[in-house]
Amino acid sequence: MLEVPAATIRNWEERYAQIVPERSTGGHRLYSRDQVEQLRFIAAQVSLGLSAADAHRLLAEHTQSGESLVDDGPNAGTRLLVLLAERDPAAAELEQFFLRTEGYEVSVALATGEAEEQWLESRAQLAIVELMISGGLGTQLCQRLKQRHTGAVLAISVLDARDEALAAGADAFLQKPLDPLELVSTVKDLLGTSALVARPAQESR
């Protein structure tokens, strides 16, 4: 997710004790969303030439001042919006976490009517549609979303419904359970860009 070796992250934790995750009962490190953003900040500073020690000092200064770790600069207000139309609140929360970790704004709808309303009002650049939403109305939802504006549509389902989804107008299909890296990679491919762009919106390919 961060393209930083796990050994490097562990070394930062042990040496600077600034980003210390909780541990699962099995001993695995559990990072919060804020901690992931902090690690992303450290990695970005190191890639710009700062030492790890200086990057951690800078992080401490930002934390103490309450300053945001995300410097949008000229891209402020142009963070891409993804509409997540899910039937399962727990699944929606997990998918939303992975997308937000990558920098996307995410709007969640748990019914087809709510999804259509948000699609029209927000002008999201991408909709992720669970085909079983509202009792299996996801296919029709894909059709209506594609008819109403030019954003991309990614269909998802526990069923192998690729052909059905593509026939309904979806630009891509992923079968559940979703792999987080595959989800993020597919979203980036469909949008043709990362989470931040230099213009308010971009039409899908």
Side-chain angles (χ1 to χ4, degrees), residues 1-2 24 30-34 36-37 40 70 77-197 199-205:
M1 185 180 293
L2 299 175
S24 70
L30 302 175
Y31 291 91
S32 69
R33 183 180 303 168
D34 287 342
V36 171
E37 289 305 319
R40 190 187 305 279
V70 180
T78 63
R79 196 176 297 273
L80 294 177
L81 176 63
V82 174
L83 169 62
L84 180 56
E86 253 287 1
R87 69 184 181 91
D88 180 359
E93 183 177 358
L94 187 60
E95 293 154 15
Q96 182 181 40
F97 169 78
F98 290 118
L99 292 168
R100 284 186 169 172
T101 296
E102 288 297 320
Y104 296 99
E105 291 295 330
V106 182
S107 175
V108 177
L110 298 176
T112 55
E114 182 184 2
E116 288 187 74
E117 183 177 345
Q118 290 190 29
W119 186 243
L120 292 176
E121 291 181 354
S122 69
R123 306 297 290 180
Q125 285 76 29
L126 170 72
I128 300 176
V129 177
E130 160 62 73
L131 296 182
M132 298 304 293
I133 192 172
S134 296
L137 298 180
T139 302
Q140 294 93 318
L141 178 60
C142 288
Q143 292 174 331
R144 291 195 294 271
L145 296 187
K146 290 298 290 186
Q147 290 170 355
R148 298 198 173 194
H149 89 73
T150 58
V153 173
L154 167 61
I156 59 175
S157 177
V158 69
L159 304 175
D160 184 5
R162 179 182 303 274
D163 292 343
E164 179 183 356
L166 297 182
D171 298 281
F173 173 82
L174 291 178
Q175 188 169 0
K176 290 183 170 181
L178 298 176
D179 176 86
L181 294 180
E182 185 179 20
L183 171 63
V184 170
S185 176
T186 302
V187 167
K188 289 181 178 179
D189 287 343
L190 289 173
L191 292 173
T193 185
S194 61
L196 294 175
V197 294
R199 52 192 179 280
Q202 174 173 316
E203 290 188 355
S204 62
R205 294 176 294 175

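Residue numbers count from 1 along this sequence.
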Between [X] and [Y], is there a donor-acceptor pair closer than 3.5 Å when you use the side chain of the first and the backbone of the second?
X: Q125; Y: G151; value: no
X: D171; Y: V153; value: yes
X: E105; Y: L80; value: no
X: Q118; Y: V108; value: yes

Measuring from atom [atom1] of [X] to atom [atom2] of [Y], what distance do you get when rounded to the nearest 0.5 angstrom?
X: Q147; Y: R144; atom1: CD; atom2: CZ; value: 8.5 Å
X: L154; Y: L83; atom1: CG; atom2: CG; value: 11.5 Å
X: T112; Y: E130; atom1: OG1; atom2: CD; value: 12.5 Å
X: I133; Y: Q140; atom1: CD1; atom2: CD; value: 11.5 Å
X: S185; Y: D179; atom1: OG; atom2: CG; value: 9.5 Å
X: L141; Y: K146; atom1: CG; atom2: NZ; value: 12.5 Å

I need the minimum non-hydrogen distance between [X] and [Y], along with the two atoms involved.
X: W119; Y: L126; result: CZ3-C, 3.6 Å
X: L159; Y: F173; result: O-CZ, 3.2 Å
X: L178; Y: L174; result: CD2-CB, 3.7 Å
X: V129; Y: G138; result: CG1-O, 3.7 Å
X: A92; Y: E86; result: CB-CB, 3.8 Å
X: A168; Y: T139; result: CB-CG2, 3.4 Å

- Message: Please determine whether a side-chain nitrogen of the Lys or Arg among E102 and K188 lies less than 4.0 Å from a carboxylate oxygen of the Asp or Glu.
- Response: yes
- Query: Does a side-chain N-to-carboxylate-O contact under 4.0 Å join E114 and R87?
  - Reply: no
- Task: Carefully, step by step, assess E95 and I156 under the rule side-chain contact (heavy atoms from CB on, under 4.5 Å).
- Result: CA-CA 11 Å; E95 293 154 15; I156 59 175; 4.1 Å; yes
- Report the C-alpha distance between I128 and L183 in whole Å, list the side-chain angles of each, state the deciding distance to 0.1 Å, and finish with yes or no for side-chain contact (heavy atoms from CB on, under 4.5 Å). CA-CA 10 Å; I128 300 176; L183 171 63; 4.2 Å; yes
- Test S107 against L81 for side-chain contact (heavy atoms from CB on, under 4.5 Å), laying out the working first. CA-CA 7 Å; S107 175; L81 176 63; 4.1 Å; yes
- Taking salt bridge (Lys or Arg N to Asp or Glu O under 4.0 Å) as the test, write out the residues that go with R162, two or more places apart. none
- Evaluate the side-chain contact (heavy atoms from CB on, under 4.5 Å) criterion for residues L181 and F98: first the C-alpha distance (whole Å), next the side-chain angles of each, then the deciding distance (0.1 Å), finally the verdict. CA-CA 9 Å; L181 294 180; F98 290 118; over 6 Å; no
